[in-house]
Number of protein chains: 2
Amino acid sequence: MAGRELTSVRSPRVKAARRLAKRAFRRRENRFLAEGPQAVREALAIPGGLAELFTTAEAEARHPDLILAAERAGAPVLRVSGEIMAELAQTVTPQGLLAVCGFVDVPLGKALEPRPRLVTVLAHVRDPGNAGTVLRTADAAGSETVVFTDASVDPYNGKCVRASAGSLFHLPVVVGPRFDALIPELRRTGLTILAADGAGDRTLDDAIDGGLLTRPTAWVFGNEAWGLPDEILDHVDEVVRVPIHGRAESLNLATAAAVCLYASARAQRGT
Amino acid sequence: MAGRELTSVRSPRVKAARRLAKRAFRRRENRFLAEGPQAVREALAIPGGLAELFTTAEAEARHPDLILAAERAGAPVLRVSGEIMAELAQTVTPQGLLAVCGFVDVPLGKALEPRPRLVTVLAHVRDPGNAGTVLRTADAAGSETVVFTDASVDPYNGKCVRASAGSLFHLPVVVGPRFDALIPELRRTGLTILAADGAGDRTLDDAIDGGLLTRPTAWVFGNEAWGLPDEILDHVDEVVRVPIHGRAESLNLATAAAVCLYASARAQRGT
């Protein structure tokens with residue numbers, strides 16, 4: 001069990017963890033924060049994934065197995081007061097467990113080495129909640145790699161981590177390549193590059209019927225508000241739009257991604 | 001143009017509008033709030049849809065066409081200070097236009113009269129943002145009616161209105177029927193009733209391959225956290241699950257709904 005309870009926000013460990021709410025500090029430390037028992041379990045499943053665990057007395061009583069597993073993994077367990085936990089956590093109702101995790105992303109080359117057949121690229125995605133939901137959906141649809149380009153939100157942002165519901169820990173995530181450097185690498189891996197955009201000249205149904213989705217595919221998803229810029233649309237193999245059958249002007253990014261990725265999963269599995 | 005600017009939160013008109021943030025007052029007045037120029041346009045497109053329009057001086061200068069159209073529609077235009085607008089609006093950056101709208105929902109019988117072939121039912125959906133996103137997705141996928149059962153969130157909740165991105169105004173929305181009263185009405189309309197639930201015994205691919213989705217269908221979507229209760233699952237024709245190909249535990253409700261509704265749209269359109 002954890003020793004003395006930390007009750008001061010000025011404690012150096014608490015201060016260090018609080019700083020991880022900011023991207024610059026996350027990058028410097030190669031660490032990020034993830035809340036709740038599920039996140040702790042996911043981090044523990046990765047060698048060296050859990051760097052430090054903040055708990056409250058109540059959470060320790062509720063999850064003795066996780067506290068024990070953290071200690072066995074060599075991660076310091078630090079008990080803090082409810083107020084400190086509320087300061088550290090980014091949710092309104094923190095669950096009393098806050099994991100300091102080591103970065104989990106991998107280099108692009110390593111992610112593409114097993115020649116994945118379904119890759120998800122987030123280009124210019126700025127809303128962390130949307131990005132996390134796309135990551136979760138990509139995982140569910142069987143996408144084998146997710147790439148966040150340099151123009152996208154940081155996947156280690158607290159809101160993104162929460163919205164990913166653990167998927168950040170499940171599949172190789174690549175962070176930060178420029179789109180123009182990414183394109184040739186995806187092509188070399190044999191991937192057809194499809195951009196999802198409301199301005200696409202082909203509908204998703206047409207892409208399915210034409211057999212396009214049976215190929216190994218990298219799907220590129222863009223910004224919530226204004227789609228993908230021309231410098232991206234000009235360099236992909238096809239721009240595909242999810243058809244709008246009713247009167248909605250557009251789809252939410254994560255729902256459009258779900259429809260595209262599941263269409264690929266179905267086509268590639270030959271059903 | 002609007003006359004004298006209202007600067008007091010104690011103004012009776014401002015107080016009346018503020019109360020509409022609460023469901024009980026919305027129900028009593030049959031009115032709800034919708035923010036931004038798109039919402040004003042949508043409300044104006046429905047006879048009697050716009051009851052009152054709050055504006056700021058800046059928004060009036062930016063949208064003279066909307067102010068004029070509101071006045072022509074007979075809706076009082078009330079200019080308020082930036083502080084009052086911030087008080088009234090539920091977003092961090094209000095766009096200076098706030099419409100007081102009349103309820104747009106229709107009775108179940110009227111919504112089912114044209115014998116719709118694709119109906120969306122929100123049962124036990126509690127998160128207003130999720131509910132609004134499902135409504136937007138249903139509109140995009142060509143669902144002809146959306147039903148919010150009595151156990152679901154109020155579609156006139158501000159977050160739901162925003163997340164629907166105008167779709168609340170686009171298609172017949174039914175509010176408040178009990179699920180057990182709804183079921184026989186859907187059957188009488190010739191609809192096959194499918195529940196989307198992770199515990200389903202049939203996968204969506206199996207439902208597509210078996211031709212199930214070509215039939216007129218009512219899709220039932222449930223709670224984000226714990227799915228649909230047995231009293232619902234026991235009374236639908238089939239429980240269908242979106243397959244999870246990767247390691248995600250589940251899908252977000254709105255993304256699961258997108259995959260199901262677009263699968264129906266594709267099957268029904270015979271592509």
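Naming: A, B, ... by sequence-line order, numbering from 1 per chain. Keep in mind that this is a model prediction, so the values were computed, not measured.
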| In terms of heavy-atom proximity below 4.5 Å to chain B, should Thr133(A) be classed as side chain, backbone, both, or neither? | side chain
| said: Under 4.5 Å from any heavy atom of chain A, what part of Glu144(B) do you find: side chain, backbone, both or neither? | reply: neither
| request: Measure distances from Ser167(A) to the heavy atoms of chain B and classify the residue's part below 4.5 Å as side chain, backbone, both or neither. | output: side chain
| field | Side-chain heavy atoms of Glu42(B) within contact of Arg247(A), under 4.5 Å | value | yes
| said: Under a 3.5 Å distance rule, please check whether Tyr262(B) uses its side chain to pair with a backbone N or O of Pro243(A) as donor and acceptor. | reply: yes
| Is it the side chain or the backbone of Thr255(B) that comes within 4.5 Å of chain A heavy atoms, both, or neither? | both
| note | Honestly, the part of Ala141(B) sitting under 4.5 Å from a heavy atom of chain A is backbone
| task | Working to the nearest 0.5 Å, report the span between CG of Leu251(A) and CG of Asp139(B). | result | 9.5 Å
| remark: Rounded to the nearest 0.5 Å, the CZ atom of Arg266(B) sits from the CG atom of Asp209(A) at a distance of 4.5 Å
| Are any non-hydrogen side-chain atoms of His245(A) and Ser143(B) less than 4.5 angstrom apart? | no
| note | Honestly, the part of Ser250(A) sitting under 4.5 Å from a heavy atom of chain B is both
